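Predicted model, so just to flag it, every value in this text is computed and none were measured. All values below come from the heavy atoms of this structure, side chains included, with hydrogens, waters and symmetry mates left out. Along the sequence shown, the residues carry numbers beginning at 1. All ligand and atom numbering here is 1-based and tracks the order in the structure.
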Amino acid sequence: MKKRILIANRGEIAIRIIRSAHKLGLLAVVFQSDKEPDALYLKYADEIIPAHDLLLDKPIFLDMERILSLAVEHQIDMIHPGYGFLSENPDFAALCEAHQINFIGPSPQLIRDMGLKTVAKSMAIKTGLPLVPGSDGPVPDAATAKVFADKIGYPVILKASAGGGGRGMRIVEKPETIERNFKSASDEALAAFGNGDMFVEKYLQNPKHLEFQILGDKYGNVIHLGERECSLQRKHQKILEEAPSASVTPEMRQQMGEMAVRFAKSIGYYSAGTIEYIMDEDGSYFFMEMNTRIQVEHPVTEIITGVDLVDWQIRVALNEKLTLKQEDIKINGWAIECRVNTEDPQNRFSPQTGFIDKIHFPVGDNIRIETGVQSGSIVTPYFDSMIAKIIVHGDNRSDVIEKTLKALYEFSLIGLKTTVPFCRTVLQHPDFVNATYTTRWVGHVYKPEMLENEEDELIAALTATIMYASEYLQLSSDVPTYKNDTLNVWVLNKRLNY
Ligand code: ADP
Ligand code: ADP
Ligand code: MG
């Protein structure tokens, strides 16, 4: 009997995991959410469990009790959480264990420890990982935060210990504003993560975000697969990633990678994981946090190392031994990932919802597309705005930049604005070409006027409007209908808006 793997996620990552499941001879089971009843990933699954989450306050992907009761009812053997949602929730991993379902990821205790940045930092320092100067542990109140800030010097960054996805963070430029910022960040963290604990770090003014991919098994073997550079961020969230990083020398790679492995071994880590570092302008680097899940940007590592990280996550969960040794890991060429988010780069990356009338992806030997949508899909307001990823492999950095740019010119989407024109601008900017860009680039250098072909975007928008108008007038029967009335009303309103 084939083992049954349930994917507690949606979008492109659900399809990505189904691919690995099939490769390993497993049956892939997914949920159908009423908030997205026609999603593309449903077409790839072997079995669909209707979630009936229409009237529930949260989508199925966040509802751990319901996930577990449906999983038991449908005789699920393993659960893959993907990223986001419950992927870093220790209670969810523990609940899976309690129901004898194999959670694909590290142990609940490891997820719990690494989920609190202050705990992770206290464990990291024991194995010699350098930390950003700061309070290290949580501070009880704004007054204590101020004592640390006065000592390390402004600006500082207040960070929520339980934070993630760029939330619960505030930059404080001067002592007068620390109290207000402390309160708003702590309140935000309490609401989002159920934990308002805050700590203080020196705010690095112009840093790079570098992260090391780790892979470990349950027998104490751990390797690293080199670094990714994810300095291109908006709202503290990544938007374009590359591997390797032009700012990491072979010596640094070895040193940072060995430190990451030593740390992972010291905590008994298994499964895929990421050690995030922040690097200052003088080249000094510090441990920032550890993510205990597969990351959005994992394909760039897969492309340059030839290692399938999702396969390995599943195999490790099935108690397989890691057959890869550190010396087997070789870096081949360069890879870039562009996130296709339905966001308007002209307008502070505000999320866009509505119809994808037509979408066309570039094709080529060196191009990998991970998508959760197709022509005719709807981007609803219920989920994240990332709809696809375009990943390109080149012989070296300049080759991959050229090939990625070419791929992006081949991409088209009619109906919604995306981050693709933004990525095209980035790839042609000297700061990116020279690899001097930092996490401040979007905030300090990027201006919407830098987007090229604004007319093209306008023409696309106009074409879409005309298409909608004519379609709506002649063929109102063409308006998609769903079993879900809320979504129907939303779809109709959306159409009438055009
Ligand atoms: P999250 O859990 O939200 O990913 P991180 O601690 O990884 O939180 O930080 C997210 C981003 O915020 C980093 O990639 C970086 O751009 C910025 N950041 C975090 N800490 C600092 C710091 N001390 N100085 C400057 N930027 C920082
Ligand atoms: P990473 O460190 O892996 O890049 P990010 O914080 O950039 O992590 O990405 C996680 C983001 O993905 C979060 O903003 C989350 O809201 C979003 N997300 C979670 N699940 C999905 C999904 N299935 N499809 C698209 N986006 C998702
Ligand atoms: Mg992070």
Restricting to N, O or S, what is the name of the atom of Glu289 that lies nearest the Mg ion (ligand 3)?
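Distance check against the Mg ion (ligand 3) picks out OE2 in Glu289.
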Starting from the Mg ion (ligand 3), look over the N/O/S atoms of Glu276 and name the nearest one.
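Closest to the Mg ion (ligand 3) among those atoms: OE1.
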Under 4.0 Å to a heavy atom of [X] - the qualifying atoms of ligand 1, by number:
{"X": "Glu276", "value": "7 (O)"}
{"X": "Met169", "value": "3 (O), 8 (O), 9 (O), 10 (C), 12 (O)"}
{"X": "Ile278", "value": "21 (C), 22 (C), 24 (N), 25 (C), 26 (N), 27 (C)"}
{"X": "Glu289", "value": "1 (P), 2 (O), 4 (O), 5 (P), 7 (O), 8 (O)"}
{"X": "Thr439", "value": "16 (O)"}
{"X": "Lys202", "value": "22 (C), 23 (N), 24 (N)"}
{"X": "Gly163", "value": "2 (O)"}

Does Arg253 come within less than 4.0 Å of Glu258, counting only side-chain N to carboxylate O?
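Here Arg253 does not pair with Glu258 in a salt bridge, since their nearest N and O are not under 4.0 Å apart.
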Flag the pair Lys238 and Glu297 as a salt bridge only when some basic side-chain nitrogen lies within less than 4.0 angstrom of an acidic carboxylate oxygen.
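Looking at Glu297 together with Lys238, the answer is yes, because their closest N to O distance falls below 4.0 Å.
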When you look at His80 and Gln313, which way does the side chain to side chain donor-acceptor pair (under 3.5 Å) test go after all the steps?
CA-CA 9 Å; His80 197 304; Gln313 276 190 305; 2.7 Å; yes
Taking side chain to side chain donor-acceptor pair (under 3.5 Å) as the definition, give me every residue that meets it alongside Glu229, ordered by chain and number, with sequence neighbours left out.
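Checked Glu229 against side chain to side chain donor-acceptor pair (under 3.5 Å); matches are Lys208, Ser231, Ser245.
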Side chain to side chain donor-acceptor pair (under 3.5 Å) partners for Ser398, two or more places apart:
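Here the qualifying residues are Asn396.
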Geometric N/O contact Gly166 with ligand 1, under 3.5 angstrom:
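Gly166 vs ligand 1: N/O contact under 3.5 Å present.
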Search all heavy atoms of Lys325 against all heavy atoms of Ile223 and return the closest pair with its distance.
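Result for this residue pair: C-CG2, 3.9 Å.
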Please confirm whether Gln205 approaches ligand 1 to less than 4.0 Å, judged on its heavy atoms.
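Contact absent.
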Looking only at non-hydrogen atoms, which of Lys117, His236, Met288, Lys159 approaches atom 8 (O) of ligand 1 most closely?
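Of the listed residues, Lys117 has the closest heavy atom.
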Would you check if the distance from the ring center of Tyr446 to the ring center of Phe422 is below 6.0 Å?
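Judged by ring-centre distance (under 6.0 Å), Tyr446 and Phe422 do meet the cut-off.
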Say you draw a straight line from OH of Tyr219 to CD of Glu320; how long is it, rounded to the nearest 0.5 Å?
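Here the rounded value is 8.5 Å.
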